[in-house]
Amino acid sequence: MIPDKMMQVLKCEGVVAVVTMGGDGPHVVNTWNNYIHVTQDEHLLIPVGGMVRTEANLETNNNILLTLGSQEVEGNHGPGTGFLVKGTATFVKTGERFAIVKKRFPWARAAMEITILSVTQTL
């Protein structure tokens with residue numbers, strides 16, 4: 001389900017926008033492309049340091065949007081490409097998936113696990 005170009009983008013430097021919905025509207029936090037770990041079953045794992053409001057939002061509405069991109073990967077119309085990922089998310093604080101994140105990012109208090117529902121190339 002994850003396109004090869006998106007996998008290339010995840011290896012490049014770039015920023016990821018993570019959008020959740022709270023009672024007062026959308027909430028956006030950022031992380032880095034190369035912080036995201038893709039599991040064998042194509043879930044995304046993102047290290048969590050803060051993201052307190054994101055966590056609270058996901059407790060009442062687990063829908064999530066991510067945008068990510070890189071100028072380093074060829075897009076549909078020239079240099080640079082981007083993706084919109086729609087999915088559901090949960091915070092994981094124990095177990096194997098958390099251990100994967102904690103090993104690479106000792107500061108992580110949790111791993112955000114994202115189940116991908118759709119991926120759309122936007123550039």
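This one's a predicted model, so the numbers in the text were calculated from it and none came from an experiment.
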Show, in sequence, the C-alpha distance, side-chain angles and deciding distance for M112 and L58, and conclude whether the side chain to side chain contact (heavy atoms under 4.5 Å, CB included) test is met. CA-CA 10 Å; M112 185 182 338; L58 291 173; 4.2 Å; yes
Can you check whether T88's main-chain N or O pairs, donor with acceptor, with N63's side chain at less than 3.5 Å? no
Ignoring hydrogens and angles, tell me if any N or O in the side chain of K93 forms a donor-acceptor pair with the backbone of F98 under 3.5 Å. no
Under 6.0 Å from the CG atom of N30, do we count more than 12 heavy atoms belonging to anything else shown? yes
Would W32 and V16 satisfy side chain to side chain contact (heavy atoms under 4.5 Å, CB included), going step by step from the backbone distance to the final call? CA-CA 5 Å; W32 302 109; V16 178; over 6 Å; no
Applying the side chain to side chain contact (heavy atoms under 4.5 Å, CB included) test to L66, which of I114, V19, T31 qualifies? I114
For the backbone of V48 and the side chain of R109, can you confirm whether one donor and one acceptor N or O come within less than 3.5 Å of each other? no
Answer yes or no: is there a donor N or O on one side and an acceptor on the other, between the side chain of T90 and the main chain of E113, under 3.5 Å? no
Using atom types as modelled and distance alone, determine if a side-chain donor or acceptor of N76 lies under 3.5 Å from a backbone N or O of T81. no
Measure the spacing between CG of L44 and NE2 of H37 and express it to the nearest 0.5 Å. 9.5 Å
Separation between CG (N62) and OG1 (T115), nearest 0.5 Å, reads 8.5 Å
Do I2 and V18 belong to the same hydrophobic cluster, where Ile, Leu, Val, Met, Phe, Trp and Tyr are linked whenever their side-chain heavy atoms lie under 4.5 Å apart, directly or via other members? yes
Test side chain to side chain contact (heavy atoms under 4.5 Å, CB included) on V9 and K5 and set out the steps. CA-CA 6 Å; V9 167; K5 281 192 188 253; 5.6 Å; no
Hey, mind stepping through M6 and V38 against side chain to side chain contact (heavy atoms under 4.5 Å, CB included) and telling me if it holds? CA-CA 11 Å; M6 183 172 143; V38 180; over 6 Å; no
Distance in Å, M21 CE paired with L65 CG, rounded so as to fall on 0.5 Å steps: 8.5 Å
Specify the closest pair of heavy atoms between E72 and E13, including all atoms of both residues, with the distance to one decimal. OE2-N, 4.1 Å
